[in-house]
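Input: a single structure, listed below in structure tokens.
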Amino acid sequence: MIAYAVLFVLFAVTTGAQVYYLAGLYVCLLAAGAVGLDGWLHSRPEQLRGLMVGTAVSATLSAVIVLPLLPPSDVGWTYGISSNSGEMLGWPQLVGTVGRVWTGLPAGQRANAVIFAADYGESGAINELGRGAGLPTAVGAQNTDWWWGPGKTHAATVVAIAPGPDYAPDYAARLRHYFRHVRVAATLADPDGVHNIEWGGHVYVCTDPRRPWGEMWPELRTYA
């Protein structure tokens with residue numbers, strides 16, 4: 001218990017409050033709690049019914065918040081409790097938007113272009129849902145996505161997907177540090193109105209790189 005408490009504080013301070021990284025330790029906590037609960041129930045068997053009711057209520061509420069049980073239009077209230085519930089909302093629309101930008105490029109330009117995602121969720125959306133839409137594999141610089149590399153190291157055009165300003169403020173300025181021409185090709189929004197990280201983000205078309213794309217790659221790596 002002490003080890004978990006120390007790690008909880010450490011992860012809360014160093015990982016942006018992403019304490020769910022400690023989920024692997026829940027097994028130990030559950031096992032320790034089960035021993036204490038067994039002793040408590042042995043001395044108070046009349047409390048079993050109340051425990052079962054409380055467990056059922058807690059499990060039901062947690063399932064509604066964490067699992068994809070609600071329709072997308074009703075998920076908004078859960079997003080403030082668990083943001084994971086809304087991170088995949090709007091992915092089909094995201095892929096469709098990126099697809100229109102991609103196919104809007106001349107064929108010759110697409111031949112030497114890559115799709116770049118600033119957030120790993122966006123690259124996951126493109127790589128999972130974009131396969132049937134004719135989109136190439138997206139590259140991403142966040143966390144372990146970066147290790148898969150920049151794709152075409154001499155790409156002359158980069159179609160960049162960036163989250164909204166709350167998560168990636170002034171991302172266009174960052175892109176202009178690497179490209180002479182950066183234009184907004186599309187704006188992202190969730191059709192169900194949930195303000196997840198993509199809300200207010202943009203798809204950019206970046207051309208005329210200041211250096212080869214492969215040389216920029218080490219500088220684009222981010223952690224979150």
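On a predicted model such as this, the values are computed, not experimentally measured, just so you know. The figures here come from the full heavy-atom set of this structure, side chains too, leaving out hydrogens, waters and symmetry mates.
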Between Y204 and V159, does a side-chain contact (heavy atoms from CB on, under 4.5 Å) hold up when you go through it step by step?
CA-CA 6 Å; Y204 301 92; V159 175; over 6 Å; no
Show your working on side-chain contact (heavy atoms from CB on, under 4.5 Å) between E198 and Q93 and close with a plain yes or no.
CA-CA 11 Å; E198 274 73 50; Q93 291 76 17; over 6 Å; no
Would V158 and L175 satisfy side-chain contact (heavy atoms from CB on, under 4.5 Å), going step by step from the backbone distance to the final call?
CA-CA 10 Å; V158 172; L175 292 171; over 6 Å; no
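Transitive grouping of hydrophobic side chains (ILVMFWY, heavy atoms separated by less than 4.5 Å) keeps V35 and L30 in distinct clusters.
At distances below 3.5 Å, at least one donor-acceptor pair connects side-chain atoms of S62 with backbone N or O atoms of S58. The backbone N or O of P150 sits less than 3.5 Å from a side-chain atom of W213, completing a donor-acceptor pair. No donor-acceptor pair under 3.5 Å is formed between the side chain of R180 and the backbone N or O of R176. Remark: the backbone N or O of D119 is paired with a side-chain donor or acceptor of E122 at under 3.5 angstrom.
The heavy-atom pair separating N127 from A138 by the smallest distance is OD1-N, 2.7 Å. A pairwise comparison of heavy atoms in V95 and G130 identifies CG1-CA, 3.8 Å as the closest pair. Closest non-hydrogen pair, P209 versus M216, comes out as CB-CE, 3.4 Å. Across W91 and G121, no two heavy atoms sit closer than the pair CZ2-O, 3.2 Å. In terms of heavy atoms, A118 sits closest to T222 at O-OG1, 4.5 Å. Across L135 and G99, no two heavy atoms sit closer than the pair CD2-CA, 3.7 Å.
Tested against L188, the residues N196, I197, V203 include a single side chain to side chain contact (heavy atoms under 4.5 Å, CB included) partner, V203.
Distance check, rounded to the nearest 0.5 Å: CH2 of W147 to CZ of R221 gives 5.0 Å. To the nearest 0.5 Å, atoms CD (E46) and CG (L41) are separated by 9.5 Å. In this structure, CG in L22 is found 9.0 Å from CG in L29, a value given to the nearest 0.5 Å. Rounding to the nearest 0.5 Å gives a distance of 11.0 Å between CZ of R210 and SG of C206. Taking CG of N112 as the reference point, atom NE2 of H154 lies at 9.5 Å (rounded to 0.5 Å). A distance of 5.5 Å separates CD1 of I161 from CG of L94, quoted to the nearest 0.5 Å.
Taking a 6.0 Å sphere around CH2 of W40, one finds it holds more than 12 heavy atoms contributed by other residues, nucleotides or ligands. For R211, the CZ atom counts as densely surrounded, since its 6.0 Å shell holds more than 12 non-hydrogen atoms of other residues, nucleotides or ligands. No more than 12 heavy atoms of other residues, nucleotides or ligands shown are found within 6.0 angstrom of OH on Y120.
Under the 30°/60° scheme for interplanar angles, the aromatic rings of Y4 and F8 are found to be tilted. By the 30° and 60° cut-offs, the orientation of the rings of F116 relative to W217 is perpendicular.
With contacts defined as side-chain heavy-atom distances shorter than 4.5 Å, the pair I115/V139 does not qualify. Two residues are said to be in side-chain contact when any heavy atoms from C-beta on lie closer than 4.5 Å; P136 and V114 fail this criterion. Using a 4.5 Å heavy-atom threshold, the side chains of W148 and T137 count as separate.
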